[in-house]
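What follows is a single structure, written as structure tokens, with notes after it.
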Amino acid sequence: MKNILLNAEQKKAVNHINGPLLVLAGAGSGKTRVVTMKIAKLIEIGIHPNKILALTFTNKAANEMSIRIKQLTSKNVIASTFHSLGAKILRESINHLNYSNNFTIYDEEDSLKLLKECLNHLKLKEDKAFLKTIKYKIASLKNDLKDLDDLNCSSNLNTNEIKVFRLYQNKLKTCNALDFEDLLYLSVKLLKQNSKILELYQNRWSFILIDEYQDTNFAQYTIAKMLSLKSQNICVVGDPDQSIYSWRGARYQNILNFDQDYTNATIIKLDKNYRSTPTILEAANNLIKNNSPRFEKNLKSTIKDGEKIKIFKADTEKMEAAFVVSKILHYKSKDIKSLKDIAIFYRTNFQSRIFEDLLLENQIPYIIYGGLSFYQRKEIKDILAFLKLIISNEDFLAFSRTINIPKKGFGKTTISKLFLISEKYQIPIIKLLKQFSSYPDIRLNSQQKIALKNYLKSIFELRKMYSQKIKLDKLISQILIKMKYLQYLKEDPLSYEDRKENINELITKAKENNQSLEQFLEDITLANDKTQNTNENSVKLMTLHNSKGLEFESVFIVGLEEDLFPHINSKQSIEEIEEERRLFYVGITRAKKNLYITHCLTRYIFGGIRPSIPSRFLKELNETYLDQQKDYNIKSTSTFMSTKTTSHISFSNKYSIGQIVFHKTFGKGSIKKIYQTSLGETLDILFEDSIKSLVTKYAKLKIIS
DNA sequence: AATTCTGCGTTTTTT
DNA sequence: ACGCAGAATT
């Protein structure tokens, strides 16, 4: 054990074996290190790896932890999110709750669609605001473990909302599906209801470690509590000042009350920061003091002081991006920093676009973390829906998504009616349709009848192939053929190339997959792999929320404007403002050496230019740590501003063979062939490892030489 | 009843 | 600028 690399407090935490332990760890104090080293220690003293359960908040964190533990001990330890843990427990044991073990998991979009179906069913207006509220309320009730049966007295739901909740829960069951919250809610229900099962899991994991404990909600807190009740070996690590998920039910009180929840708890504070310069850290400490009451920390840097924090006031969001990109170009051109050490953080996803444009113009590789995930794309979800139908008779949403692909006269009304009939007879939707002629209330026109028969025929052919153990990637290719999916995509030529490319990527991922189809689908729903390409040496773009747990040499936090950050929807209460402030605190403390903070005087938003007021948080940063940037290298900006205009200039002779072009995902490539297709001018381009055919009017290309 | 058209409102953060 | 829900059209 390389305890030598740990300080006294860290060692204490690592060497604490039995009994509840709370590690209050400030930003950059090496908390994840402590968790991984502690696990290594447990294995070293002879605890079987299977007995250890490490819980994290994101899949990325879970994966990283597994990898680090593997490196340290060459053993596999289960590191997962609470949601994956829930899925695992329920997959094994949900039959005790009268559910089927082969349930599917509905993501946010699916769950909203089902909720819409409920409103329809109850003849309630499909009002967007209402939909959002009810979704939020249902999620909150589940996260707070409120029982559906005593809703009337305890909840703030009106009678209509209660009806919707009931119906929604019923429909989920009809579809043999669970939503995200169910994974936690039903896990608790199961563990509470069945002491044998509880004991089974208590015995399975006798050491539980939880990272980012300040972000646990009541359901997660309860799962942890129940599972560790017997062994009492629970170690939680976190920082109340980094609690940024209260809108998802997180309660930072969980970490503050730990010593009351677990008697004999040992508390260890880590207050040495190994990440940031004193300037950055002091500024962050100062800022967070505006929140009260807090658990006072005295986080001290261990590094020699560094540059001041650079503040830049831009006229427009374009200038803001230009400033950031000019700084990055500066670092790049002088080889001062590698691109992978640079990150840009923003409050909302839509802010990323302008940075993307400018980075692309300047041939700076970048990766966006988060945003619309690959698996949330329409075409991917379509294919996944077909896959779901291969293994499910019940999944109504999968049916509803696919029945009209390609268009065959099935509209919303007909589809909803079919669902109601299937509910009425309590027969799974696919089974019902297979013999629709024996149900007089299924009224279809002759075109629909033929189309439905063909659709089902294809589904059953696919099922047959599946039962004959066809490879997953081949199965997807078969879906494309049988369902005429690519032809369907061509109906929208503007998006065709992109979507086809995404499907190819899905096929590639399927090829690498060695697990069951069920597991593949579950992983995709829960794991939400959002990384787009693998170029390590690229600038990272992400929301502040996504930045938690990461660190970078140089960080740009952009858009420090009232109503954007703090966000306009988070200004109702002091609590919300304080959470926004914690979010800023998280962002600041990600920076190791250089921190830039920018804001604009005007911003183009909702299709119009609006004046922006500097964020209140800027005033909360102590002047002594700041350096106002007056100007920046305009020269480089104007260059790329002009290239932007030239890129709009005409097409005919724009490209020639042998030219080098740059593409966001594929990188640099040379043009091998130019020809016309039905979609217009098309180029075959040789990229690093492959030749791609790209249609010039759709693919974003930049000519390099 | 489905598809096509059009004008309106919309954008917080994520498992 | 975009998507989506109602209106107009088939």
Side-chain angles (χ1 to χ4, degrees), chain A residues 55-62 80-87 105-109 111-112 116 125-129 131-132 136 139 142-143 178-185 212 215-217 219-220 243-250 345-354 369-373 375-376 378 403-404 406-417 443-445 447-448 451 491-492 494-495 522-530 542-548 559 563-572 576 579-580 582-584 586-587 603-608:
Chain A
L55 292 169
T56 61
F57 208 65
T58 64
N59 294 288
K60 195 166 30 149
S80 81
T81 62
F82 274 97
H83 287 86
S84 308
L85 174 72
I105 300 168
Y106 277 177
D107 67 13
E108 211 69 354
E109 186 197 344
S111 135
L112 268 173
K116 273 188 194 170
K125 256 217 331 256
E126 215 185 84
D127 175 52
K128 241 186 175 175
L131 193 69
K132 230 178 122 184
Y136 177 75
K142 286 182 179 176
N143 284 334
L178 307 185
D179 67 12
F180 281 148
E181 288 76 26
D182 281 342
L183 295 174
L184 306 173
Y185 174 76
E212 309 280 13
D215 282 322
T216 49
N217 63 34
Q220 293 165 324
S243 169
I244 53 174
Y245 285 99
S246 75
W247 48 274
R248 225 166 83 185
F345 302 157
Y346 35 78
R347 178 62 178 82
T348 64
N349 279 307
F350 85 91
Q351 289 168 264
S352 72
R353 175 153 260 159
I354 184 134
Y369 280 26
L372 188 66
S373 117
Y375 294 111
Q376 283 171 296
K378 179 190 153 12
I403 178 63
N404 212 26
K407 292 210 181 8
K408 42 173 94 72
F410 280 86
K412 211 173 135 191
T413 326
T414 311
I415 295 171
S416 291
K417 270 186 197 159
R443 309 194 67 84
L444 299 169
N445 64 37
Q447 178 213 356
Q448 287 172 323
E491 285 169 24
D492 182 9
L494 271 170
S495 61
E522 177 175 317
D523 282 2
I524 282 175
T525 315
L526 291 177
N528 225 341
D529 173 11
K530 286 180 169 176
M542 67 191 82
T543 62
L544 284 144
H545 282 87
N546 267 318
S547 77
K548 196 168 72 163
D563 295 350
L564 184 59
F565 192 22
H567 194 273
I568 190 161
N569 296 350
S570 301
K571 293 173 77 168
Q572 311 303 316
E576 286 174 305
E579 179 144 319
E580 294 284 297
R582 287 195 292 271
L583 189 56
F584 191 29
V586 166
R603 184 173 286 275
Y604 192 82
I605 202 164
F606 300 139

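By convention in this document, chain letters (A, B, ...) are assigned in the order of the sequence lines, proteins followed by strands, and residues within each chain are numbered from 1.
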Residue [X], side-chain atoms from C-beta onward, closest of [options]:
X: A/Phe350; options: B/dT13, B/dT12, B/dT11; answer: B/dT11
X: A/Thr543; options: B/dT15, B/dT14, B/dA2; answer: B/dT14
X: A/Asn569; options: B/dT12, B/dT15, B/dT14; answer: B/dT12
X: A/His567; options: B/dT14, B/dT11, B/dT15; answer: B/dT11
X: A/Thr81; options: B/dT15, B/dA2, B/dT14; answer: B/dT15
X: A/Arg347; options: B/dT15, B/dT3, B/dT13; answer: B/dT13
X: A/Glu580; options: B/dT14, B/dT12, B/dT3; answer: B/dT12

Within the structure shown, what part of the strands sits under 4.0 Å from [X] by heavy-atom distance: base, sugar-phosphate, or nothing?
X: A/Lys417; answer: sugar-phosphate
X: A/Asn349; answer: sugar-phosphate
X: A/Phe82; answer: nothing

Separation of [X] atom [atom1] from [N] atom [atom2], in whole Å?
X: A/Lys142; N: B/dT14; atom1: NZ; atom2: C1'; result: 17 Å
X: A/Leu583; N: B/dT13; atom1: CG; atom2: P; result: 11 Å
X: A/Tyr136; N: B/dT14; atom1: OH; atom2: C1'; result: 13 Å
X: A/Asn217; N: B/dT13; atom1: CG; atom2: P; result: 20 Å
X: A/Phe584; N: B/dT12; atom1: CZ; atom2: C1'; result: 17 Å

With A/Phe565, which residues qualify under ring pair (Phe, Tyr, Trp, His ring centres under 6.0 Å), at least two apart? A/Phe584, A/Phe617

With A/Lys407, which residues qualify under salt bridge (charged side-chain N to carboxylate O under 4.0 Å, His left out), at least two apart? none

Salt bridge present between A/Lys571 and A/Glu580 (N-O < 4.0 angstrom):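 Salt bridge: no.
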
For the pair A/His83 and A/Phe180, name the ring-plane relationship: parallel under 30°, tilted 30 to 60°, perpendicular over 60°.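 Perpendicular: the ring planes of A/His83 and A/Phe180 meet at over 60°.
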
